[in-house]
Amino acid sequence: MGESVSNDDVDLSVSNIVLTVGNSMMGDDGAGPLLAKMIKDNPIADWSVLEGGSMPEDCLHLIRKAQPQRVIVVDAADIGEQAGEVRIIDPETIVDMYVVSTHSLPLNFLIDDLKTFVPEVIFVGIQPAIVAFSFPLTEMVQTAVKTIYQRLPEWQGSGGFEHC
């Protein structure tokens with residue numbers, strides 16, 4: 001199973017923060033934690049990562065303290081695509097969408113709150129194949145996470161991903 005990363009010692013002096021959401025014990029819902037681990041293990045200049053787990057709102061105080069220019073929220077989301085497809089999910093769409101993780105607060109509330117103090121907030125959804133206890137991440141979702149990671153250094157706008 002995936003291991004979680006700590007939010008201790010996160011560099012809050014960066015312009016960009018990735019806020020990952022998900023549970024590594026629930027199959028493809030572990031996409032966010034995998035991305036967090038990748039960024040922690042191989043940092044990207046001017047980016048920090050906060051692992052939100054199933055309660056990403058617990059990271060709001062750190063993001064407020066950092067005052068970044070951009071926050072990218074990454075989570076597994078049922079977007080009606082093939083497993084491993086990545087889409088930028090518009091805030092209006094989140095309300096009507098079934099987001100896979102069992103979050104204590106709907107992500108649209110989190111994103112709306114972030115938008116009150118962060119100039120650019122982007123929600124990136126990865127279509128899962130399997131979300132069930134003690135299943136591993138599928139290869140398709142692992143590939144999607146690697147693609148997101150590789151695009152972060154040059155990220156502009158939607159990072160080259162389509163909107164849904």
Side-chain angles (χ1 to χ4, degrees), residues 2 4-24 29-77 79 81 84-97 99-101 103-128 141-164:
S4 67
V5 298
S6 168
N7 288 330
D8 297 338
D9 301 323
V10 171
D11 180 3
L12 297 178
S13 66
V14 296
S15 299
N16 304 289
I17 292 177
V18 174
L19 175 59
T20 63
V21 184
N23 181 340
S24 60
D29 194 38
L34 174 61
L35 181 59
K37 183 170 179 358
M38 290 174 75
I39 296 169
K40 288 274 187 171
D41 290 349
N42 297 291
I44 300 169
D46 204 29
W47 286 87
S48 282
V49 64
L50 292 168
E51 185 173 12
S54 59
M55 296 188 350
E57 63 275 11
D58 287 352
C59 295
L60 279 171
H61 71 286
L62 294 171
I63 298 170
R64 257 184 225 287
K65 184 176 176 184
Q67 292 295 304
Q69 290 301 301
R70 173 172 41 205
V71 172
I72 296 178
V73 180
V74 179
D75 191 12
I79 52 178
E81 297 288 341
E85 288 294 314
V86 178
R87 295 289 184 270
I88 304 300
I89 303 172
D90 297 317
E92 313 77 57
T93 310
I94 298 170
V95 180
D96 302 324
M97 182 170 288
V99 177
V100 173
S101 303
H103 309 303
S104 58
L105 184 71
L107 283 180
N108 60 307
F109 292 132
L110 172 74
I111 290 170
D112 287 347
D113 195 6
L114 284 169
K115 285 186 168 196
T116 65
F117 63 93
V118 177
E120 186 179 5
V121 179
I122 301 163
F123 178 33
V124 179
I126 303 170
Q127 176 67 50
V141 170
Q142 289 180 44
T143 300
V145 170
K146 288 176 191 166
T147 300
I148 294 167
Y149 173 82
Q150 291 167 348
R151 290 189 186 182
L152 287 174
E154 304 299 323
W155 191 284
Q156 296 292 321
S158 297
F161 296 109
E162 293 179 33
H163 285 250
C164 70

Can you confirm whether [X] sits close enough to [Y] that some side-chain heavy atom of one is under 4.5 Å from a side-chain heavy atom of the other?
X: V74; Y: V18; result: yes
X: T147; Y: V145; result: no
X: I88; Y: V124; result: yes
X: N23; Y: S54; result: no
X: I89; Y: I79; result: yes
X: L107; Y: F123; result: yes
X: M38; Y: T20; result: no

Would you name the heavy atoms of [X] and [Y] that are closest together and state the gap between them?
X: G84; Y: A144; result: O-CB, 3.2 Å
X: P128; Y: A77; result: CD-O, 3.3 Å
X: D90; Y: H163; result: OD1-ND1, 2.8 Å
X: P153; Y: I44; result: CG-CG2, 3.8 Å
X: P33; Y: S24; result: CG-N, 4.0 Å
X: S15; Y: P68; result: O-CB, 3.5 Å

Passes salt bridge (Lys or Arg N to Asp or Glu O under 4.0 Å), R70 versus D46? Steps please. CA-CA 11 Å; R70 173 172 41 205; D46 204 29; over 6 Å; no
Spacing of [X] atom [atom1] and [Y] atom [atom2] [to the nearest 0.5 Å]:
X: L34; Y: K146; atom1: CG; atom2: NZ; answer: 8.0 Å
X: E85; Y: Q127; atom1: CD; atom2: CD; answer: 8.5 Å
X: M55; Y: D58; atom1: CE; atom2: CG; answer: 3.5 Å
X: H61; Y: L50; atom1: NE2; atom2: CG; answer: 9.0 Å
X: E120; Y: L114; atom1: CD; atom2: CG; answer: 12.5 Å
X: K115; Y: N108; atom1: NZ; atom2: CG; answer: 11.0 Å

So, is the end of the R151 side chain (NZ or CZ) under 6.0 Å from the ring centre of F161 and within 45° of the ring's axis?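 Yes, R151 sits over the ring of F161.
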Check the pair L60 / L110 against side chain to side chain contact (heavy atoms under 4.5 Å, CB included), numbers first and verdict last. CA-CA 8 Å; L60 279 171; L110 172 74; 3.8 Å; yes
Determine whether a donor-acceptor pair (N or O, by modelled atom type, separation under 3.5 Å) exists between the side chain of [X] and the backbone of [Y].
X: Y149; Y: N42; result: yes
X: S48; Y: D11; result: yes
X: W47; Y: V49; result: no
X: D29; Y: G22; result: no

CA sep, side-chain torsions, deciding dist, call: I72, N16, side chain to side chain contact (heavy atoms under 4.5 Å, CB included): CA-CA 8 Å; I72 296 178; N16 304 289; over 6 Å; no
Is there a side chain to side chain contact (heavy atoms under 4.5 Å, CB included) between L62 and V10? Walk through the geometry before answering. CA-CA 9 Å; L62 294 171; V10 171; 5.7 Å; no
Carefully, step by step, assess I148 and I126 under the rule side chain to side chain contact (heavy atoms under 4.5 Å, CB included). CA-CA 10 Å; I148 294 167; I126 303 170; 3.6 Å; yes
